Trainee: 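Please see the structure below; I have some questions.
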Amino acid sequence: MKTTNTKLYSNLINGNWHPPGTDVLENHNPADYNEVIGFFPMATLEDTKQAIDSARAALPAWSKIPAPTRGAILDKASQILTSRLDEIATALTREEGKTLAEAKGEVTRARDIFKYYAGEGWRIGGEVLPSSVTDELLYTRREPLGVVSIITPWNFPIAIPAWKIAPALIYGNTIVFKPAEDAPHTALLLVEVLVEAGLPAGVINFLTGDGALIGTEMTSNPNVNGISFTGSHNTGTKIYQNAIKNMARVQLEMGGKNALVVLKDADLELAVKLAITGGFGLTGQACTATSRIIVQEEIAEAFVSALTTAAKNLKLGNGLESGTNMGPLVNQDQLQTSQNYMALGQKEGATLLLGGEVDGTKGYFAQATIFDHVQPTMRIAQEEIFGPVISIIRASGLNDAIEKANAISFGLSASVVTNNLREAFAFANQIEAGVVKINEPTTGLALNAPFGGFKQSSANTFKEQGQAAMDFYTRTKTIYVNHG
Ligand code: NAD
């Protein structure tokens, strides 16, 4: 039986809330799909054009506001996020499925991101350069890029929007924001917070609905100057092709197939902890999730046995219930994908050590799954699964491990567990990944450090987060002043 509070949620265009028409997007709880969270608008093409026009109209006034004053609004948003942390985290778990502890961590991250970029308002600056001409002042000025389209996935429904929206705003841009179909509620709560913090009408516009319809307009409309997208490689490729027609700037962060390399002198207990966190945390639904573990032969048996024992103890369940270590997958497609790869791994000849089953009777639950003796060329070792499935690959030593780790089209995150300093640095230098960790999980990022992948994990254009975000969200003007 379906339970629903039949709540209707709205889109935001030019400061006005637009409730849904007859066509709606239904949002439900992945831990119990009979629980309907609410109904969201299916924005039309006309709505999308209006949102872009509204962002364009709001740009001159917003970009003229002194950056520290814009920062005060971000700071206020950060304070509101603190006061609503528990409520927003609960909403996040209800629609996306991750555990409440994970959701609280994510909302806390969003809060900190707004705080960080509020401070950046005091630091935006250009350069003064030495001039080759007498009595000439030569300097650069950072200006907003303009109207930016922000398109996000469901797996971090508040942190990813935050790390795109906060820098876009502080550097003076206006926004059209479209969250993923599976997590519109958390995104809407963030937009509400920004409105409450005092963001003027039109500076942020919010659209829910069909990703392809809204997203195509958001990435091909000539009034859009920049597109920041996180999501699948397939969608990212389409966006790049649309953007090029208008020479719009793009930032695309996409999939991963991240390796945790465990060398023979590793602290075994630490290696197991990092594998569990990276592989099964967030139910494996993180772009930086550990999906391959490359382990040196000498310690492989001991590591595999300790990892399997630890993974057996993970409690799969509703993320809102205490004691749950791993929530459900987000939707039926994700469940089906995990199930397909669980079957494929066995067909390809890998050894199934743990899990391998899903339960879709009430929610989208997939067991923590470990395959051993995986060959690097098998599809389970090459393709992004985005679920709780780990492939263990054996390696003879550091060089073999690096070669196997690099033999892949993705290049997002990689980690090595070792007490050998020389091997740790060799790994850091030779691994083809935008994020490298030593004795840390492949997941988890600092908000003030550049983030982005290599190879097919990214458009390889602009990094996100920290001060690197300024390069994407501003354009540089060079000014020559002859005062002789
Ligand atoms: P997705 O590509 O299906 O959707 C992402 C967003 O794009 C959604 O908002 C969707 O509505 C929108 N979209 C769909 N079609 C579009 C189109 N034609 N034009 C424009 N926008 C369109 O991805 P997903 O399933 O939501 O997310 C999972 C993927 O995201 C995984 O591949 C994962 O690795 C990746 N991801 C990457 C990072 C990173 O930083 N590298 C972080 C999180 C997730």
Side-chain angles (χ1 to χ4, degrees), residues 25 27 30 40 42-43 45 48 95-96 98 106 109 149-164 176-184 186-187 206-221 224 227-243 248 250-258 282-291 329-338 383-387 409-413 433-435 442-445 447 450-465 468-469:
L25 180 70
N27 186 21
F40 291 77
M42 294 289 287
L45 194 57
T48 313
E95 77 170 351
E96 196 272 347
K98 67 183 62 169
E106 189 182 333
R109 171 52 61 99
S149 287
I150 289 180
I151 302 177
T152 55
W154 43 262
N155 66 329
F156 287 103
I158 191 162
I160 292 180
W163 82 51
K164 294 177 188 296
V176 181
F177 168 36
K178 195 206 83 58
E181 289 87 326
D182 283 303
T186 316
F206 176 72
L207 300 171
T208 54
D210 176 10
L213 177 91
I214 307 168
T216 301
E217 184 63 22
M218 283 173 69
T219 53
S220 50
N221 187 303
V224 170
I227 299 148
S228 183
F229 165 83
T230 300
S232 64
H233 190 264
N234 188 24
T235 308
T237 308
K238 290 182 196 152
I239 290 177
Y240 215 158
Q241 283 162 353
N242 289 341
V250 290
Q251 176 176 62
L252 309 175
E253 288 307 328
M254 301 171 286
K257 188 76 189 171
N258 313 291
L282 306 154
T283 323
Q285 297 181 119
C287 54
T288 51
T290 302
S291 51
L329 294 166
V330 76
N331 60 29
Q332 179 61 37
D333 280 357
Q334 286 292 118
L335 191 76
Q336 190 61 55
T337 303
S338 278
E383 297 171 13
E384 186 181 50
I385 300 174
F386 226 55
S409 62
F410 296 110
L412 191 52
S413 174
V435 176
T442 56
T443 50
L445 304 165
L447 63 87
F451 170 58
F454 288 174
K455 296 156 79 175
Q456 298 293 309
S457 291
S458 169
N460 294 281
T461 52
F462 295 84
K463 295 281 179 184
E464 300 201 78
Q465 307 208 48

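In listed order, ligands and their atoms are each counted from 1. No hydrogens, no waters, no symmetry mates; every other heavy atom, side chains included, goes into these values. These figures come from a predicted structure and were not determined experimentally.
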Trainee: Does the side chain of T290 pick up a donor-acceptor pair with the side chain of T442 at under 3.5 Å?
Mentor: yes
Trainee: Could you walk me through whether F410 and E384 satisfy the side chain to side chain contact (heavy atoms under 4.5 Å, CB included) test, starting with their C-alpha distance in whole Å, then the side-chain angles of each, then the deciding distance to 0.1 Å, before giving a yes or no?
Mentor: CA-CA 9 Å; F410 296 110; E384 186 181 50; 4.2 Å; yes
Trainee: Give the residue and atom name of whichever protein heavy atom lies nearest to atom 4 (O) of ligand 1, and the separation in Å to one decimal.
Mentor: T235 OG1, 4.5 Å
Trainee: Going from CG on L25 to CG on D210, what distance comes out if it is rounded to the nearest 0.5 angstrom?
Mentor: 9.5 Å
Trainee: How close does the nearest protein non-hydrogen atom get to atom 20 (C) of ligand 1, and which residue and atom is it?
Mentor: G215 CA, 3.3 Å
Trainee: Please determine if T230 has a nitrogen or oxygen closer than 3.5 Å to a nitrogen or oxygen of ligand 1.
Mentor: no
Trainee: Which ligand 1 atoms, with their elements, are less than 4.0 angstrom from a heavy-atom of C287?
Mentor: 34 (O), 36 (N), 37 (C), 38 (C), 39 (C), 40 (O), 41 (N), 42 (C), 43 (C), 44 (C)
Trainee: Looking only at heavy atoms, is any part of N155 under 4.0 Å from ligand 1, and if so is it the side chain, the backbone, or both, or is it neither?
Mentor: side chain
Trainee: Which distance, rounded to the nearest 0.5 Å, do you find between the CD of E464 and the CZ of F451?
Mentor: 7.0 Å
Trainee: How are the rings of W154 and F386 set relative to one another: parallel (under 30°), tilted (30 to 60°) or perpendicular (over 60°)?
Mentor: perpendicular
Trainee: Got a salt bridge between E383 and K257, using NZ or NE/NH1/NH2 to carboxylate O under 4.0 Å?
Mentor: no
Trainee: So is there a nitrogen or oxygen of H233 less than 3.5 Å from a nitrogen or oxygen in ligand 1?
Mentor: no
Trainee: Could you find the nearest protein heavy atom to atom 28 (C) of ligand 1 and give me its residue, atom name and distance?
Mentor: F386 CE2, 3.8 Å
Trainee: With atoms numbered from 1 as shown, which atoms in ligand 1 lie under 4.0 angstrom from a non-hydrogen atom of L412?
Mentor: 41 (N)
Trainee: When you check the side-chain N and O atoms of N258 and S413, is any donor under 3.5 Å from an acceptor?
Mentor: no
Trainee: Return the residue, atom name and 0.1 Å-rounded distance of the protein heavy atom closest to atom 25 (O) of ligand 1.
Mentor: W154 NE1, 3.1 Å
Trainee: Going by the angle between their ring planes, with limits at 30° and 60°, are F177 and F206 parallel, tilted or perpendicular?
Mentor: tilted
Trainee: Determine the minimum heavy-atom distance between L282 and A286, stating which atoms define it.
Mentor: CD1-CB, 3.9 Å
Trainee: Is the closest N or O pair between S457 and ligand 1 shorter than 3.5 Å?
Mentor: no
Trainee: Could you establish whether I160 and ligand 1 come within less than 4.0 Å of each other, counting only heavy atoms on the residue side?
Mentor: yes
Trainee: Flag S232 as yes when one of its N or O atoms lies below 3.5 Å from any N or O atom of ligand 1, and as no otherwise.
Mentor: yes
Trainee: I'd like to check which ligand 1 atoms, numbered from 1 as shown, lie under 4.0 Å from a non-hydrogen atom of F229.
Mentor: 2 (O), 5 (C), 6 (C), 7 (O)
Trainee: Any idea which atoms of ligand 1 are less than 4.0 Å away from a heavy-atom of P179?
Mentor: 9 (O)
Trainee: Measuring from the heavy atoms of T219, does anything fall under 4.0 Å of ligand 1?
Mentor: no
Trainee: Does ligand 1 come near enough to T152 that some N or O of the ligand is less than 3.5 Å from an N or O of the residue?
Mentor: yes
Trainee: Nearest 0.5 angstrom please: L445 CG to R109 CZ, how far?
Mentor: 7.0 Å
Trainee: Is it the case that ligand 1 has an N or O less than 3.5 angstrom from some N or O of M254?
Mentor: yes
Trainee: Give the numbers and elements of all ligand 1 atoms closer than 4.0 Å to a heavy atom of A212.
Mentor: 15 (N), 16 (C), 17 (C), 18 (N)
Trainee: Could you check whether any heavy atom of F156 sits closer than 4.0 Å to an atom of ligand 1, since that is the contact criterion I want to use?
Mentor: no
Trainee: Short list, please: which atoms of ligand 1 are under 4.0 Å from a heavy atom of I151?
Mentor: 6 (C), 7 (O), 9 (O), 12 (C), 20 (C), 21 (N)
Trainee: Which is it for E384 and ligand 1 at heavy atoms under 4.0 Å: side chain, backbone, both or neither?
Mentor: side chain
Trainee: Under a 3.5 Å cutoff, is there a donor and acceptor pairing between the side chains of E95 and T186?
Mentor: yes
Trainee: Where the closest heavy atom to atom 29 (C) of ligand 1 is concerned, which of A159, G231, P153 has it?
Mentor: G231
Trainee: Find all atoms of ligand 1 within a distance of less than 4.0 Å from any non-hydrogen atom belonging to E181, and give their numbers and elements.
Mentor: 10 (C), 11 (O)
Trainee: Assess the side chains of S458 and E253: does a donor N or O sit below 3.5 Å from an acceptor N or O?
Mentor: yes
Trainee: Nearest 0.5 angstrom please: I227 CD1 to N242 CG, how far?
Mentor: 7.5 Å
Trainee: Are side-chain N/O atoms of T230 and K164 paired as donor and acceptor at under 3.5 Å?
Mentor: yes
Trainee: Which of the atoms of ligand 1 are close to F451, meaning less than 4.0 Å from one of its heavy atoms?
Mentor: 40 (O)
